[in-house]
J.: 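This is the structure I have questions about; it appears just below.
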Amino acid sequence: MDSMEMRRDAIVQLINEMGTVSFAQIKKEFSNVSEMTLRTDLKALDAEKKILRVHGGAKSVQVIIGTDDFLNRKSVRNIAEKQEIAKKALALLHPDTTFFLDSGSTTTAFARHIPDRSYLIYTTGLSCATELANLSKPTVMLPGGKLNRYSQSVFGFSAIKELERVNFDQAFLGVTGFHPTVGFSCGISDEALLKQTAIRQSEQVIALMDSSKIDVKCSFSFCGLSDIDIVVSDGKLPEEFLDECRKYGVQVL
């Protein structure tokens, strides 16, 4: 196997491990390779159907389009970062409050650390509900809706209508990607609408997002930085993103 094949195999492995990768992340991982060569690699791998090129980067072909990836694959990525985010987010919780907990691997890691106190928690994540089932004091509500078997969540019209009846003190949102031209986005239209509903119904909106989500553009935008109050991340966010947060008065933890 020559060096080009080895490099391309390594690129495919990186993309498969992360699910979605920005071109900036690929350049960082292969810093000794020219940008033109990397773009040629991505074009060739896409033609061979080993990856899927998207605007600003690439996706794993193992990811089912429109499902935001399988939860069990996401849960084994960036584990340390998710733990860091979960611990930081705990400081934002207050007893006797009502909050929305989004679906996803990062919110599931957060749910695992939520203390056994009096809360009213609405969650669309089945994995989050499973973690919360270990607690006795919170009241946990699962809105009715359509099952997404891949992300292990509920979504759709019924779930949205139920969330519209609730006034949340906080919403803890999972994020699939953030790109400066489209804001925060995800891969499913109905889940974007559900997130927008949670945002409208909440006094404080908190995005749980590790730094690998930066410069990732997904199909459906659900909000911009102006709609977010706090970003909880892993301490590795790029300075350009932090500058944008300051511009909109968004607190970063």
Side-chain angles (χ1 to χ4, degrees), residues 68 71-72 74-76 78-156 158-176 184 186 191 193-210 222-223 227-235 250-253:
D68 275 355
L71 181 68
N72 59 355
K74 291 197 294 183
S75 63
V76 297
N78 305 318
I79 294 174
E81 288 81 357
K82 290 180 173 70
Q83 295 296 322
E84 177 74 11
I85 291 168
K87 290 174 184 176
K88 288 181 179 179
L90 286 178
L92 301 173
L93 288 176
H94 303 286
D96 302 310
T97 55
T98 301
F99 64 88
F100 171 75
L101 183 59
D102 204 356
S103 62
S105 57
T106 304
T107 52
T108 301
F110 176 45
R112 196 171 297 131
H113 290 82
I114 289 175
D116 197 6
R117 296 177 184 169
S118 175
Y119 307 108
L120 175 56
I121 307 172
Y122 279 75
T123 183
T124 51
L126 302 186
S127 55
C128 293
T130 299
E131 296 294 339
L132 296 170
N134 296 314
L135 307 178
S136 60
K137 294 181 180 178
T139 298
V140 181
M141 304 293 293
L142 272 166
K146 184 178 178 181
L147 173 66
N148 182 332
R149 293 176 176 84
Y150 305 101
S151 62
Q152 297 178 29
S153 64
V154 292
F155 66 103
S158 298
I160 289 170
K161 294 305 289 184
E162 188 163 346
L163 294 185
E164 285 177 341
R165 300 188 298 106
V166 187
N167 299 313
F168 297 108
D169 295 294
Q170 295 172 306
F172 293 88
L173 299 179
V175 174
T176 307
F184 295 94
C186 63
E191 288 201 355
L193 293 173
L194 190 146
K195 291 175 192 286
Q196 288 172 340
T197 302
I199 289 169
R200 286 195 303 272
Q201 297 297 116
S202 299
E203 287 289 325
Q204 185 182 61
V205 181
I206 301 149
L208 307 182
M209 179 182 73
D210 68 73
F222 59 86
C223 76
D227 302 299
I228 300 294
D229 297 297
I230 302 173
V231 171
V232 183
S233 192
D234 52 12
V250 178
Q251 182 182 358
V252 178
L253 299 180

J.: Do Leu163 and Phe168 come within less than 4.5 Å of each other through their side chains, counting heavy atoms only?
T.: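 Leu163 vs Phe168: side chains touch.
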
J.: What are the two closest non-hydrogen atoms of Ser127 and Gly104, and how far apart are they?
T.: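 Closest approach of Ser127 to Gly104, heavy atoms only: OG-O, 4.4 Å.
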
J.: Are side-chain heavy atoms of Leu208 and Asp102 found at a separation under 4.5 Å?
T.: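 The answer is no, as the side chains (C-beta and beyond) never meet within the 4.5 Å cut-off.
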
J.: For residues Gln196 and Arg200, determine if any side-chain heavy atom of one lies less than 4.5 Å from a side-chain heavy atom of the other.
T.: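 Answer yes - side chains close enough.
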
J.: Looking only at heavy atoms, what is the nearest atom pair of Leu142 and Ala129, with distance?
T.: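 Closest pair (atom of Leu142, atom of Ala129, distance): CD1-CB, 4.0 Å.
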
J.: Please examine the side chains of Met141 and Leu120, heavy atoms only from C-beta on, and report whether any two atoms are closer than 4.5 Å.
T.: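 Yes, at least one pair of side-chain atoms sits under 4.5 Å.
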
J.: Grab the two heavy atoms, one from Pro115 and one from Leu93, that are nearest each other, plus how far apart they are.
T.: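 What the structure gives for the nearest pair is CD-CD1, 4.1 Å.
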
J.: Step by step, would you call Asn167 with Thr98 a side chain to side chain donor-acceptor pair (under 3.5 Å)?
T.: CA-CA 8 Å; Asn167 299 313; Thr98 301; over 6 Å; no

J.: Is there a donor-acceptor pair under 3.5 Å between the side chain of Gln204 and the backbone N or O of Asp229?
T.: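 Such a contact is absent between Gln204 side chain and Asp229 backbone.
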
J.: Calculate, to the nearest 0.5 Å, the distance between atoms CG and NZ belonging to Leu194 and Lys161 respectively.
T.: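 The distance works out to 12.5 Å.
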
J.: Can you give me the closest heavy-atom contact between Asn134 and Thr130, atom names plus distance?
T.: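 Answer, listing the atom of Asn134 first, then Thr130: ND2-O, 3.9 Å.
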
J.: Please test Lys195 against Phe184 for side-chain contact (heavy atoms from CB on, under 4.5 Å), starting from the C-alpha separation and ending with a verdict.
T.: CA-CA 10 Å; Lys195 291 175 192 286; Phe184 295 94; over 6 Å; no

J.: Looking at side-chain heavy atoms only, is the closest gap between His94 and Arg117 below 4.5 Å?
T.: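 Not touching, per the 4.5 Å side-chain cut-off.
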
J.: Working to the nearest 0.5 Å, report the span between SG of Cys128 and CD1 of Ile121.
T.: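 Output value for this atom pair is 9.5 Å.
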
J.: Check Asp210 against Ile85 and note the closest heavy-atom contact, atom names and distance.
T.: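 Nearest heavy atoms, Asp210 then Ile85: N-CD1, 3.6 Å.
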
J.: Of Thr124, Thr123, Ile199, which meets side-chain contact (heavy atoms from CB on, under 4.5 Å) against Phe100?
T.: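 The residue from Thr124, Thr123, Ile199 that satisfies side-chain contact (heavy atoms from CB on, under 4.5 Å) with Phe100 turns out to be Thr124.
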
J.: Is a side-chain N or O of Asp116 found less than 3.5 angstrom from the main chain of Leu135, in a donor-acceptor match?
T.: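 Side chain of Asp116 to backbone of Leu135: no pair is present.
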
J.: Is Glu81 reaching over with its side chain to a backbone N or O of Asp234, donor-acceptor style, under 3.5 angstrom?
T.: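 Between the backbone of Asp234 and the side chain of Glu81 there is no qualifying donor-acceptor contact (under 3.5 Å).
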
J.: Does the plane of the ring in Phe172 sit parallel, tilted or perpendicular to the ring in Phe110? Use 30° and 60° as the thresholds.
T.: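 The arrangement is tilted - the two ring planes meet at 30° to 60°.
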
J.: What's the shortest heavy-atom distance between Thr197 and Glu164, and which atoms?
T.: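 Heavy atoms of Thr197 and Glu164 come nearest at CG2-CG, 3.7 Å.
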
J.: Can you find a heavy atom in the side chain of Val175 that is under 4.5 Å from one in the side chain of Val231?
T.: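 Side chain of Val175 against side chain of Val231, heavy atoms only: no contact under 4.5 Å found.
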
J.: Could you check Phe99 against Ile206 for side-chain contact (heavy atoms from CB on, under 4.5 Å), going step by step and ending with a plain yes or no?
T.: CA-CA 11 Å; Phe99 64 88; Ile206 301 149; over 6 Å; no

J.: Measuring only between side-chain heavy atoms, which start at C-beta, is Leu253 closer than 4.5 Å to Ser233?
T.: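 Sidechains of Ser233 and Leu253: no contact.
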
J.: Evaluate the side chain to side chain donor-acceptor pair (under 3.5 Å) criterion for residues Thr97 and Gln170: first the C-alpha distance (whole Å), next the side-chain angles of each, then the deciding distance (0.1 Å), finally the verdict.
T.: CA-CA 8 Å; Thr97 55; Gln170 295 172 306; 4.7 Å; no

J.: Roughly how far apart are His113 NE2 and Lys82 NZ, rounded to 0.5 Å?
T.: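 Going from NE2 on His113 over to NZ on Lys82, the span is 13.0 Å.
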
J.: Run Val232 and Lys88 through side-chain contact (heavy atoms from CB on, under 4.5 Å) and show every step you take.
T.: CA-CA 7 Å; Val232 183; Lys88 288 181 179 179; 3.6 Å; yes

J.: Would you give the length of the straight line joining atom CG of Leu147 to atom CZ of Phe155, rounded to the nearest 0.5 angstrom?
T.: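 Interatomic distance, Leu147 CG to Phe155 CZ, rounded to 0.5 Å: 8.0 Å.
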
J.: Roughly how far apart are Asp96 CG and Lys137 NZ, rounded to 0.5 Å?
T.: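 One finds 10.5 Å between CG of Asp96 and NZ of Lys137.
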
